[in-house]
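Residue numbers run from 1 in the order of the sequence given.
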Amino acid sequence: VQLQASGGGLVQAGGSLRLSCAASGRTFSSYFMGWFRQAPGKEREFVAAIAWSAGFIYYSDSVKGRFTNSRDNAKNTVYLQMNSLKPEDTAVYHCAASPGATCSGGGCYGPGWYDYWGQGTQVTVSS
C-alpha cells in the first residue's frame, strides 16, 4: 500500500482544513487507517483512526469534537476534517495503514501498529 497525504497549509486559529490520504492497492478497504502528527522536537502523536468499515472511529482527546475522520473506500481515500484549529495543532500530519482488523488493546493508538506511512503534509496554524 502506498499513501499520499495532501491538503495541508497555513490557516489562522479557528479556521479549517481538510486533509486527504489517497492510497494505492486493491485491498485498501480492508486496512485500518490512522492519522498521526509530529511537531518539531516532539514525538509522533496519535490523532485519529478509522476501521475499514468506518464503523469504529477513534480520536485523541486533544482533537475530539473538532476533527472528523472519514473514509471513502470506493475512492481509496481517507479524510481528516479539521475545524476550530489551534496553534498547537501545528505539525506534519501523516496517514498510515494497518492490516489490523480491530483496535483491541488500543493498538491503533500507537505508530508501531501501522505498516505503511505517507510522506506527511504540513499544517501550520497561526495565532
Side-chain angles (χ1 to χ4, degrees):
V1 176
Q2 292 185 325
L3 305 174
Q4 179 76 33
S6 62
L10 173 64
V11 64
Q12 289 188 333
S16 299
L17 284 173
R18 188 176 82 155
L19 305 184
S20 299
C21 176
S24 64
R26 299 181 295 174
T27 58
F28 167 79
S29 61
S30 66
Y31 280 82
F32 218 104
M33 300 297 296
W35 287 97
F36 288 76
R37 64 188 182 187
Q38 189 164 19
K42 294 188 176 182
E43 292 186 353
R44 190 162 293 191
E45 175 191 16
F46 171 79
V47 176
I50 185 167
W52 69 271
S53 66
F56 296 94
I57 306 175
Y58 306 84
Y59 298 98
S60 68
D61 288 342
S62 61
V63 307
K64 196 174 297 181
R66 299 188 297 123
F67 291 10
T68 301
N69 196 12
S70 62
R71 68 190 294 163
D72 186 336
N73 288 336
K75 295 182 178 179
N76 279 11
T77 303
V78 62
Y79 304 98
L80 186 67
Q81 177 66 43
M82 306 186 297
N83 299 329
S84 302
L85 282 162
K86 305 175 181 180
E88 51 264 44
D89 293 319
T90 296
V92 176
Y93 283 70
H94 299 268
C95 58
S98 170
T102 69
C103 192
S104 60
C108 67
Y109 291 88
W113 195 68
Y114 297 84
D115 293 347
Y116 305 97
W117 290 84
Q119 87 291 355
T121 184
Q122 176 71 48
V123 172
T124 303
V125 184
S126 62
S127 57

Visitor: Show every donor-acceptor pair shorter than 3.5 Å between a side-chain atom in residues 77-85 and any protein atom, with sequence neighbours excluded, or say none if there are none.
Guide:
{"from": "Thr77", "atom 1": "OG1", "to": "Lys75", "atom 2": "O", "distance (Å)": "2.8"}
{"from": "Gln81", "atom 1": "NE2", "to": "Asn83", "atom 2": "OD1", "distance (Å)": "2.9"}
{"from": "Asn83", "atom 1": "OD1", "to": "Ser16", "atom 2": "OG", "distance (Å)": "2.9"}

Visitor: Are Tyr58 and Cys108 close enough that some pair of their side-chain heavy atoms sits under 4.5 Å apart?
Guide: yes

Visitor: Quick one: pull up OG1 in Thr68 and CZ in Arg18 and give me the separation to the nearest 0.5 Å.
Guide: 11.5 Å

Visitor: Identify the heavy atoms of Val92 and Gly120 that sit nearest to each other, and give their distance.
Guide: CG1-CA, 3.8 Å

Visitor: Short question: side chain of Thr90, backbone of Thr124 - any donor-acceptor pair under 3.5 Å?
Guide: no

Visitor: Please confirm whether the backbone N or O of Asn69 pairs with a side-chain atom of Tyr59, one donor and one acceptor, at under 3.5 Å?
Guide: yes

Visitor: Tell me whether the count of non-hydrogen atoms from other residues, nucleotides or ligands lying under 6.0 Å of CD in Gln2 goes above 12.
Guide: no

Visitor: Under 4.5 Å between side-chain heavy atoms, chaining through other members, with only Ile, Leu, Val, Met, Phe, Trp and Tyr counted: pull out the rest of the cluster around Leu10, sorted by chain and number.
Guide: none

Visitor: Taking all non-hydrogen atoms of both residues, which atom of Gly8 and which atom of Val123 are closest, and how far apart?
Guide: CA-CG2, 4.1 Å

Visitor: Quick one: salt bridge (charged side-chain N to carboxylate O under 4.0 Å, His left out) partners of Lys42, sequence neighbours excluded?
Guide: none

Visitor: When the aromatic ring centroids of Phe67 and Trp35 are compared, is their separation below 6.0 Å?
Guide: no

Visitor: Can you name the closest pair of heavy atoms from Gly7 and Thr121 and give their distance?
Guide: N-OG1, 4.0 Å

Visitor: Would you give the length of the straight line joining atom OH of Tyr93 to atom CG of Leu19, rounded to the nearest 0.5 angstrom?
Guide: 7.5 Å

Visitor: Nearest 0.5 Å, what's the CZ-OG distance between Arg71 and Ser53?
Guide: 8.0 Å

Visitor: Do any pairs count as a ring pair (Phe, Tyr, Trp, His ring centres under 6.0 Å) and have a residue in residues 38-57, sequence neighbours left out, and if so which ones?
Guide: Phe36-Phe46, Phe46-Tyr109

Visitor: Can you tell me how far apart CD (Gln38) and CD (Glu45) are? Round to the nearest 0.5 Å.
Guide: 10.0 Å

Visitor: Under 4.5 Å between side-chain heavy atoms, counting indirect links through other Ile/Leu/Val/Met/Phe/Trp/Tyr residues: same cluster for Val125 and Val47 or not?
Guide: yes

Visitor: For Asp89, is there an ion pair with Lys86 - N to carboxylate O distance below 4.0 angstrom?
Guide: no

Visitor: Identify, with sequence neighbours excluded, every residue that meets salt bridge (charged side-chain N to carboxylate O under 4.0 Å, His left out) alongside Glu88.
Guide: none

Visitor: Dump the intermediate steps for side chain to side chain contact (heavy atoms under 4.5 Å, CB included) on Tyr114 and Tyr31, then the final yes or no.
Guide: CA-CA 10 Å; Tyr114 297 84; Tyr31 280 82; over 6 Å; no

Visitor: Please name the pair of heavy atoms, one in Gln4 and one in Gln119, separated by the smallest distance, quoted to 0.1 Å.
Guide: NE2-NE2, 3.1 Å

Visitor: Do any pairs count as a side-chain hydrogen bond (donor to acceptor under 3.5 Å, both in side chains) and have a residue in residues 97-106, sequence neighbours left out, and if so which ones?
Guide: Thr102-Ser104

Visitor: For residues Asp115 and Pro99, report the shortest heavy-atom separation together with the two atoms involved.
Guide: OD2-CD, 3.3 Å

Visitor: Considering all heavy atoms of both residues, which atom of Ala91 and which atom of Gln122 are nearest to each other, and what is their separation?
Guide: O-NE2, 3.5 Å

